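Remember, it's a predicted structure, so these values are computed and weren't measured experimentally. Order of appearance sets the numbers: ligands from 1, and atoms from 1 within every ligand. All values below come from the heavy atoms of this structure, side chains included, with hydrogens, waters and symmetry mates left out.
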Amino acid sequence: MLNSNYLIINRKPQKFEKLRIAGRAAVFIDDAGKVLDNGVLALDDSVYAALYCDEVRNITIVTDRGGRRDVFTILWFSEEGYRNDSESLRKAYSGRFSRQNLKLNRYAESIAEKLDNGVRLRVTDAVDESGMKVCPECGMMNPVESGYCLECGAEI
Ligand SMILES: [Zn+2]
């Protein structure tokens, strides 16, 4: 169990106390009231995908700005904190939230990797799990009859 909220930027974790939406940015603040390193996330067109998984209170955002890709993973230790902040984030950046399963971080990494290679893939929800199976490599949901992942080609 987590005992703090975490903001993980490109795999580097930092604790945060509060998330504030200021205009078109989310600002992450530590327990001393200071803004975290790179703790300002613009909520504009640079956000390529915003993946979330309620079960693990995780929102992972892939940004694509001027040829630079970053992955922001936000984790909450309390259900209440998650609910409040995720609602603010969703409002501030409506329209691009995509529901995912537990493998959302791996999926986010694969989206960022594809962007690096100039491929802009369509981000899809992983909502209906009936009759679907999850790719062990990228977390993508695939029809149960498929032997290979439609997203990354890995054997399922
Ligand atoms: Zn896959």
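- Counting only residues at least two apart or in different chains, ring-ring contact (aromatic ring centres under 6.0 Å, His included) contacts with residues 17-44 comprise Phe16-Phe28.
- Here Lys91 pairs with Glu87 in a salt bridge; the nearest charged N to carboxylate O distance falls below 4.0 Å.
- The list of side chain to side chain donor-acceptor pair (under 3.5 Å) pairs with a residue in residues 147-156, not counting sequence neighbours, reads Lys114-Glu151.
- In this structure Tyr82 satisfies the ring-ring contact (aromatic ring centres under 6.0 Å, His included) test together with Trp76, sequence neighbours excluded.
- Counting only distances under 2.8 Å, and ignoring water, the protein N, O or S atoms around the Zn ion (ligand 1) are Cys135 SG, Cys138 SG, Cys149 SG, Cys152 SG.
- Electrostatic pairing of Asp64 and Arg69 counts as a salt bridge here, judged by a charged N lying under 4.0 Å from a carboxylate O.
- Side-chain N/O atoms of Asn58 and Thr60 include a donor and acceptor closer than 3.5 Å.
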